Amino acid sequence: MPELPEVETVVRDLRPLLVDRRFVAIRTSGQSLRAQWEKTWEAQLLGSLVRAIRRRGKWILIDLEPAGLLVLHLGMTGQLTVVSTATAVENHVHLTFDLDTGDQQLRFRDIRRFGSATYHQDEQEWITQNPERLGPEPFDMEARYFREKLAKTDRSLKAILLDQSVVAGVGNIYADESLYTAKLDPRRRGRDLQKTEADRLRKAIVTVLTRAIKYRGSTIRNYVGGSGLKGGYQDEFLVYGRTEKPCYRCKTPIECIRLAGRSTHFCPACQLPEARR
DNA sequence: ACAGGATCCTGGGGGC
DNA sequence: TGCCCCCAGGATCCTG
């Protein structure tokens, strides 16, 4: 589910609701998430003050005082919200943190349980333990770095964009939207891109993600922001989910294929290299 | 090195 | 109404 724009929206929504709050009680569903929740973490978390909440790729990091870091990943169907204690508890709520406001709680709901929540001493410990090596944030990614990454691999552009160690935060929707915006065929090999094409793709990623954040991300099924609001970018998709519908640029029907194990939407005409168009 | 498939889960939609 | 199959914003592991 949630990719960078959705996670960023959650973090922005939660910031005013969580920062300077303390966790005064913790409850778990007992159902396992992607990573096992350790009961011993609860003693560390209880009474802790939330100093900051931030995003890294698709990960949510909550900095605690006097020490510690709560790290969450929303997987495909995760929802992290602050709601009134009076709000009926939905099914699939796996973690609940009561806040010291007395009438609010942080809830982690995840239908498919592909998400995770873990506690770490500090960020370094998380980075060391996390098998996923995260690449740069798309907004900070240097042109040269990206060109060189592309030049070194035979993988498809789609597979490269989905690889969190190349660039952090892009997922299936925004990979397709970025490739469409950059007019690049998702099946092209990284190595085959011209410099100008690589730069175009890097800029397209930034453009697409920035715009999606403005719309508070995309809600297709389950995604909601930190206060329960749905996203709006699903109505702005240029290519994702538009199978068989006419391309907005050239009217050619949008194609959907499987690539890098994921459904991939693209215009078979205007995403071709110039030479073959 | 890379592609593809299976896996972890639940739920919704379509076809019959 | 029910059943079966396929699909889904992610990531990882295994095979060839």
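Order of the sequence lines fixes the chain letters, A, B, ..., with proteins taken first and strands second; residue numbering starts at 1 for each chain. Just so we're clear, the structure is a prediction, and the values are computed from it rather than from any experiment.
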What residues 109-124 of chain A contributes to the DNA chain B interface at heavy-atom separation below 4.0 Å is A:I111, A:R112, A:R113, A:F114

Look at all strands and tell whether A:S156 reaches a base, only sugar-phosphate, or nothing, counting heavy atoms closer than 4.0 Å.
sugar-phosphate

Residues A:Q105 and A:D98: side-chain donor-acceptor under 3.5 angstrom
yes

Counterpart base for B:dC2, defined by Watson-Crick or G-U wobble contacts under 3.5 Å:
C:dG16

Under 4.0 Å between a side-chain N/O of A:R191 and OP1 or OP2 of B:dA1, yes or no?
no

Decide whether a cation-pi geometry holds between A:R242 and A:Y180; the criteria are a distance under 6.0 Å from NZ or CZ to the six-membered ring centre and an angle within 45° of the ring axis.
no

Nearest whole Å is fine: how far is B:dA3 C1' from A:D154 CG?
12 Å

With a 4.0 Å cut-off on heavy atoms, is A:Y240 in touch with a base, just the backbone sugar-phosphate, or nothing at all?
sugar-phosphate

So, A:D176 and A:R262, do they make that salt bridge, N to O below 4.0 Å?
no

Angle between ring planes, A:Y119 versus A:W41, binned at 30° and 60°: parallel, tilted or perpendicular?
tilted

Please work out whether the ring planes of A:H73 and A:W59 are parallel, tilted or perpendicular, with thresholds of 30° and 60°.
perpendicular

Please report, rounded to the nearest Å, how far the P atom of B:dC9 is from the CG atom of A:N91.
17 Å

Just the rounded figure in Å: distance from P of B:dC2 to CG of A:L157.
13 Å

For A:R221 and B:dT10, give me the distance from atom CZ to atom C1', rounded to whole Å.
11 Å

N-O pairing of A:R54 and A:E123 below 4.0 Å:
yes

I need the OH-C1' distance between A:Y223 and B:dG11, as an integer number of Å.
20 Å

5' to 3', nucleotides 11-16 of chain C under a 4.0 Å protein heavy-atom cut-off (B base, S sugar-phosphate only, - none) gives BS----

For the residue pair A:F97 and A:F23, categorise the inter-ring angle as parallel (less than 30°), tilted (30 to 60°) or perpendicular (more than 60°).
tilted

When the P atoms of B:dA6 and C:dC5 are considered, how many whole Å apart are they?
15 Å

Could you tell me the separation between the CG atom of A:L74 and the P atom of C:dG10, rounded to a whole number of Å?
11 Å

Under-4.0 Å side-chain N/O to phosphate OP1/OP2 contact, A:T77 with B:dC9:
no

Answer yes if the side chains of A:D110 and A:H94 hold a donor-acceptor pair under 3.5 Å, and no otherwise.
no

May I ask you to evaluate whether A:H92 reaches the phosphate of B:dG11, defined as a side-chain N or O under 4.0 Å from OP1 or OP2?
yes

Side chains of A:I213 and A:R12, heavy atoms from C-beta outward: is any pair under 4.5 Å?
yes

What is the separation between atom CZ on A:R258 and atom P on C:dC7, rounded to the nearest whole Å?
6 Å

Co-members of the apolar cluster containing A:L162 [side chain, <4.5 Å]:
none

Nearest whole Å is fine: how far is B:dC9 P from A:N222 CG?
17 Å

